[in-house]
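Starting from 1, each residue takes its place in the sequence as its number. Keep in mind that what you see is a predicted model, and the values were worked out from it rather than measured.
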Amino acid sequence: MGAKRKLSRGDEKEMVKTPSADLVKAKKSRISSKKSKTCAEEGLVENDTVFVQLLKASGVTLKAGEKQNELAVDQVVFQKKLYQAFRKHPRFPNVIQEFVDGLESHIEDRDKFRNCLLPCGHSCDEEISNLVNPYHESLIKLLLGIEILQPAVINMLFEKLPEFLYDSVGSDGINLPRLIINQFKWLERIVDSKDLTSKIMQLLSIAPTEIQHDIITSLPEILEDSQHNDIARELNLLLQQNTQLTVPILDTLSSLNLNEGLLSEVRQSVMATLSAVELEDLPVIIKFILHVVTPVDVLEVISNLRKKLDLESCTLSERVQASQNKLKSRSTGTSLNRSSTVQDCITLLLDVIKSAVRFQKTISEAWIKAIENIESAAEHKVIDFIVLLILYTTNINNSKKQVERVLRNKIRMGYVTDQLLQNAFRNYSLEVVAALVTHVCSGYTAEVDMSLDVLMDLVSLHPTTVALYAVFVKGILDYMENLNPQQIRKVFCILSRLAFNKGHEGSHIQDDMYIVIRKQLSSSILTYKRIGIIGAVMIVGSMAMKSKPEREPSQKMHLSSEVYKQATALLELVRSCSEQSPEAAALYYDELASLVHKGSLDQQVMDWIGHTVLDDFQEDYVVDLTPTVEGHHLMPVKALYNLDEEDSLEGIVVNLLPLMSRDSLNKEAAKNMGQRLVSPVCLAPFFRLLRLCMEKQHNGNLEQIDALLGSPLYLTDLEVTEKLESLSKQEKEFLCSLLFFAINWFREIVNAFCKQQDPEMKGKVLTRLQNITWLQAVLVKCLAATPGYIPPLANFDSEALEGVPAVNTAIPTKKGKKGGKKGASDSSKNSSADSSQMEEHQEGEQTEASKTQTEKDSPRSEESGKSTISLHSYRAHLRELTLEVFTVLHCGLLTRSVLDTEMHTKATEVVQLGPVELVFLLDDLFQKLEHILLSSAKKVTFLKAKGGRTLGFSQLHQRSAQEVAYSTIQLLNPLCNHMENMHNYFQALLAENHGVVDALGIDLKEYHVMSSCYQLLLQILNILFAWNGFCQHENRKLLKSALGILDGRLKEGDLELTLDELVSQSFHYLLNFRSSVPSCTSALGLTQLLIVIAEKSSVQEYRGKIASLAKGFLCQTWIQPVGEREKGNRYNDTLQSLLCIYLEHTNDVLKAIEEISGIAVPELVNAAKEGNSSTFQTLTRQTFLVFFRVMMDKLEKTVRNIPAGKPSDFSEVQTEQLLLWNLAVRDFHILVNLVKVFDSRPVLSICLKYGRLFMETFLKMGMPLLDCCFKKHWEDVQSLLKTLQLSTRQLHHMCGHSKINQDMGLTTHVPLLKKTLELFVYRVKAMLTLNNCQEAFWLGNLKNRDLQGEEILSQVSQRSETDDEQGSQLHTEAAEEQEDREDNEDNETGEDNEESEEDST
């Protein structure tokens, strides 16, 4: 109260207006000098009335006119003198009425009344510096502070106030009713508060609205707390009668001290009138509702609130009102003012909500819950979407993740409709475009991509609206150098659509774009030239876009001659500016080819491009085949890979090697002479442009260029690769570049002719695939012998340095093998022999995961010992295969066994794929799906990403994830055919060799290739069905079609099946492959694929089948064809994943852990050194660490999910929980004691880490249960604690072992573990005390022992001669634990303690 009083005086001073300029001057003169020299006598009120004389005697001089009443003494002194004068007056108490009558007659004059209501001035002879408070209250306020006068003065004021209700402001500009009300504020004491409240309410009933507003807002400063509830009820009634007073009433109610019931009643009244209030009052009403809401009913209030808040109707009424105002008066600004008022009110409303969710946790949680509970798209409102955005930006109580989850679920269920988003952003087009442009210029890849995608959609759907804000979009041109090529394409596509939209709005954008493009094309820096090339091609695409006739489809519409000239002139400009740079020219060909591939160019421009390209390609790269090639070349020229008539010298040949020689020798000379360079770098891009032009012009027929499919290339004799050591460095690099160009040429040939249906051409395409795989094998060999070599680029829309592999030198592996043998020979204990490998595995886990299957599973022959070169790191230097290439998968599989049965080589002419070519295609398809489908499932982070990740996927990025998924589903039948072929191959192999995998006569190379095919097929299916796009409603049909193909492999039928039925059939189809998986990695791939398929159904019956399958794989021996067991880090990773799947899907995790630790591990201990468990055959001494880690982790997570015991739980529930804890503690005891046998450092580290986590979970979740169950089930509790005590002792021994060996990696776990064990001791004591058995508890001395139980003698114990000295330290043990961590003594419940519990109970 006191603080409010002080603040209000300052407020009152601001509210009071000075009557005139003379009065201001008088005040300044009195305040500025210590003592005034003269004292004006004019306006002095002098008479013999009791009123005047008593005031004068007490220190107040009354003034008339515009002069202030003067106070000669301090306020408190005045009140005291006046009170004493009344008490000592001979006519007391009648003198009081005489005084009030005198006051009443004095204030009959309006000016005198005003002076009595205004603050008193200082007397002429008053020393201001001596005053306690230099500010004086008004005379009326001072009189109200005297208790014996207060009732009479209050009555007089309320009788006087109605005179001014309708004439409140006089000529002096002062509002007298407001001044009268201010007199009642912050009184020290109110004699009769009920009477005052009654008078105020009576006044409210007759006062005009303006006065009512002032009275209501002043109530919190007038009334005492005891009257708050009474006045609140009256205000609640008034609120229902007069909605114009809503704002002041709610402001007042927010400041009153009210009980919860009354607040709830008021809130309900406010909620009932919410839909009828004015928009301007809405922010105050919402603020009040959110301010008084309680945690109990917050969800109900928020749910009702969001139903009544309808921002759409607000904006709709705004537009209606604006149109009406526009019709009434076009010259006035009423419409604009109304619009701004509505927007301001909505902004204030959202600020109120933002403030509430920021400072009140319950409100933010209730908003999210209320929105979550909405179950139909029609019920969602704009306010829901905006509140979610507010919660996301504030991120209070981790609300950002909750909002992401809610929005993701709403979008998947189709509740966030286009209409909802349009309603939300309808009036904020400018803000949306400006914000998107800001995000584009941020420099963060994911942020830029998303913003550009949204802008692209806006330009496509609302080009006219976005064109209004084109000046903002145009600003992106200043930040082009920070964007990658894909983003540059999007920017120029957006700007081109705006610039060449119908109308003249885009002319200024055209000018700016032309300026930027000409500037970039003229640059000598390839990065800037790249921007100009991409921009120019995108402009041509928009400028020369094929027109769509609206009325007469048969009528052809052509470009105007002016636009045609502009388009061809721009293409000529790009060509002339890039002809001196092979990389720039290649980029131009690729960009133009992509534009042609879209099929949106006008026919005139297409004809011009096709004619130019065909002539130039024939002139530059194709020559007649001759026996000898003239000229000087670095290596001898030989025509290779002729598929037509090999003995004939007639025909054409691709002039590759001579062009390379000419390019390397004459590049600088050609540049200096300004001639056009003909470089082999442009060969593949130029041919891509050529074949796409031919396809568009001849409806897919490539007869005009089909000679290139079988034509040879001028290469060199590749037998030189057998003697690479004899070549110079220049010759090696020349040979590597020659191989890169040849491979890329064949890749583009396959891209071009893969869709041709002619059998002869199909055969040639398969032969070209064989050429690619063989040349790539040769290239790997050459790269290993050419360290430091940088290949020529094949993807030109990236920086040159991005494509350089991180390591392109040969990495010897012999040293590693030697080290491995040494490690194997040194392992003499029953510990994990691969413990060092497991530690290295954790560091290289991410690197291993990033490798593809062919890189991992490729057979290591004698060449593999020399190098580990992988072509996956050279992706930027290999041309990208299109998705159409995978139609080749429809061809059958040709294996060596087929050739053997045919007994002649003519069988190779059958149009069938070889295993090596199949691996090549599957590996490329796997990379594409992993890049486009898996990347869409990863969480997008607005962080700067490495640009090299998208290298080699430029054409793939021009397709959406849905298109890629659809194309892959069309390949499901051939993929299943190949997988069934793999299944039959390995089944036949096992049958021929009587189930022995490492039998003599097995073709190891073919076995490895087929195994790689099997694994890649499983991975491809896994990625496809794991695509998160299937969760979206619009892709449900696509998912059903994919599952329908798998279902059709089992049976043929036209019946329409439900999704669950399709999942069931697909699951059983894939389950049939379990008997033929050749490796543990393939087994994991099949298991993961089945999990993904099962997740598509809501049925839970598949968990048991998946657990049984995983257990079967764990119980299986995985033997390689060479006769050795699978081993290594990758095998351990695979085994760990399988074991995790088994324990996660089994019905009883604790029983499964007990089976492994209690049965399989003892079998391993009793087996030979290189032996394994007979139950779980994958459990060996090398893989024990994997099993141990997974079992400890799953045990801890399982007990964490056991609910904490509560006294209110039923007895059956407590008994069941106690049984679970008994099983868990028994498993924990078995696992901890395995350290005695397997005592390697990694095992100890795992045990220390998960041992602490288990004990912490037991203290948090298990001990409350024991508190409740001890009296009823004391025997079970005793048994549980005894077993757990044995485990804690072993953990103590491990702590001592870690310290004695001074192993820093292990000792980091010790302090937290020791603390947890101490907490366990005292928590058991607390449980016994709670159950009145504290005498059963005693503290004992636990000696330090090693892992085998032998006592460890510390320095103190070695110096002591008797055991008594040790006993003397028991009393100070806790203090010494902090001072000397070398002393490993600790307190624990003794074993005898548990025995004595029975007696105490």
Side-chain angles (χ1 to χ4, degrees), residues 831-835 837-843 845 848-849 1080-1081 1083-1085 1087-1088 1091 1103 1106-1116 1118 1126-1165 1172-1173 1175-1202 1223-1235 1237-1254 1257 1287 1309:
S831 60
S832 172
D834 279 355
S835 60
Q837 293 181 0
M838 293 303 297
E839 293 173 9
E840 294 172 1
H841 139 72
Q842 295 175 358
E843 298 175 359
E845 187 173 358
E848 284 289 334
C1080 189
T1081 308
L1084 175 62
T1087 308
Q1088 291 173 335
I1091 292 173
R1103 292 183 59 85
I1106 292 171
S1108 176
L1109 178 67
K1111 183 179 179 181
F1113 290 145
L1114 291 170
C1115 296
Q1116 182 176 338
W1118 298 102
E1126 288 192 40
K1127 58 183 179 181
N1129 289 344
R1130 281 197 56 255
Y1131 173 68
N1132 290 337
D1133 289 345
T1134 305
L1135 210 57
Q1136 177 173 323
S1137 300
L1138 274 175
L1139 184 56
C1140 287
I1141 291 172
Y1142 169 55
L1143 294 180
E1144 288 169 0
H1145 289 78
T1146 187
N1147 293 327
D1148 194 340
V1149 181
L1150 298 178
K1151 184 179 178 181
I1153 293 176
E1154 184 175 3
E1155 181 185 6
I1156 298 173
S1157 59
I1159 299 176
V1161 175
E1163 292 175 351
L1164 174 64
V1165 174
N1172 56 273
S1173 167
T1175 306
F1176 285 81
Q1177 298 189 27
T1178 52
L1179 177 58
T1180 64
R1181 284 176 170 79
Q1182 287 73 32
T1183 61
F1184 170 78
L1185 182 64
V1186 174
F1187 277 79
F1188 187 73
R1189 179 194 294 115
V1190 174
M1191 286 191 293
M1192 289 291 284
D1193 178 56
K1194 297 303 176 185
L1195 176 62
E1196 191 273 330
K1197 290 180 178 177
T1198 302
V1199 297
R1200 198 189 304 168
N1201 292 326
I1202 301 177
L1223 294 174
V1225 168
R1226 187 169 63 190
D1227 289 349
F1228 182 66
H1229 173 65
I1230 296 173
L1231 290 173
V1232 169
N1233 280 276
L1234 289 177
V1235 177
V1237 182
F1238 301 92
D1239 56 354
S1240 65
R1241 182 176 177 274
V1243 174
L1244 286 173
S1245 177
I1246 292 169
C1247 198
L1248 290 172
K1249 174 185 175 182
Y1250 288 100
R1252 175 180 63 84
L1253 294 175
F1254 182 90
T1257 305
S1287 304
H1309 299 286

Tyr1131 and Thr1178: CA distance, side-chain angles, deciding distance, side-chain contact (heavy atoms from CB on, under 4.5 Å) verdict: CA-CA 10 Å; Tyr1131 173 68; Thr1178 52; 3.7 Å; yes

Pairs touching residues 1145-1154 that satisfy salt bridge (charged side-chain N to carboxylate O under 4.0 Å, His left out), sequence neighbours left out: Glu1154-Arg1226

Contact check, side chains of Val1232 and Cys1247, non-hydrogen atoms, under 4.5 Å: yes

Heavy-atom check, side chain of Leu1234 versus side chain of Phe1184, under 4.5 Å: yes

What are the two closest non-hydrogen atoms of [X] and [Y], and how far apart are they?
X: Phe1113; Y: Thr1087; result: CE1-OG1, 3.4 Å
X: Ser1173; Y: Glu1163; result: OG-OE1, 2.8 Å
X: Ile1230; Y: Gly1158; result: CG2-N, 4.4 Å
X: Ile1141; Y: Gln1088; result: CD1-CG, 4.3 Å
X: Leu1139; Y: Val1186; result: CD2-O, 4.3 Å
X: Tyr1142; Y: Ala1152; result: OH-CB, 3.7 Å

Donor-acceptor contact present, side-chain Glu1126 to main-chain Cys1080, <3.5 Å: yes

side-chain contact (heavy atoms from CB on, under 4.5 Å) between Phe1176 and Lys1111, intermediate numbers included: CA-CA 8 Å; Phe1176 285 81; Lys1111 183 179 179 181; 4.0 Å; yes

Derivation of the side-chain contact (heavy atoms from CB on, under 4.5 Å) call for Val1149 and Lys1197: CA-CA 10 Å; Val1149 181; Lys1197 290 180 178 177; over 6 Å; no

Can you tell me how far the [atom1] atom of [X] sits from the [atom2] atom of [Y], to the nearest 0.5 Å?
X: Phe1187; Y: Phe1238; atom1: CZ; atom2: CZ; result: 11.5 Å
X: Ile1246; Y: Met1192; atom1: CD1; atom2: CE; result: 8.5 Å
X: Thr1146; Y: Arg1103; atom1: OG1; atom2: CZ; result: 9.0 Å
X: Met1191; Y: Thr1198; atom1: CE; atom2: OG1; result: 12.5 Å
X: His1229; Y: Ser1157; atom1: NE2; atom2: OG; result: 11.0 Å
X: Leu1138; Y: Leu1143; atom1: CG; atom2: CG; result: 11.0 Å

Result of checking Val1190, Leu1179, Leu1114, Leu1084 against Leu1135 for side chain to side chain contact (heavy atoms under 4.5 Å, CB included): Leu1114

Derivation and outcome, side-chain contact (heavy atoms from CB on, under 4.5 Å), residues Val1237 and Val1161: CA-CA 10 Å; Val1237 182; Val1161 175; over 6 Å; no

Distance-only side-chain donor-acceptor flag, Thr1183 / Thr1180, under 3.5 Å: yes

Heavy-atom neighbours of Lys1194 NZ exceed 12 at 6.0 Å: yes

Asp1193/Arg1189 ion pair, N-O < 4.0 Å: no

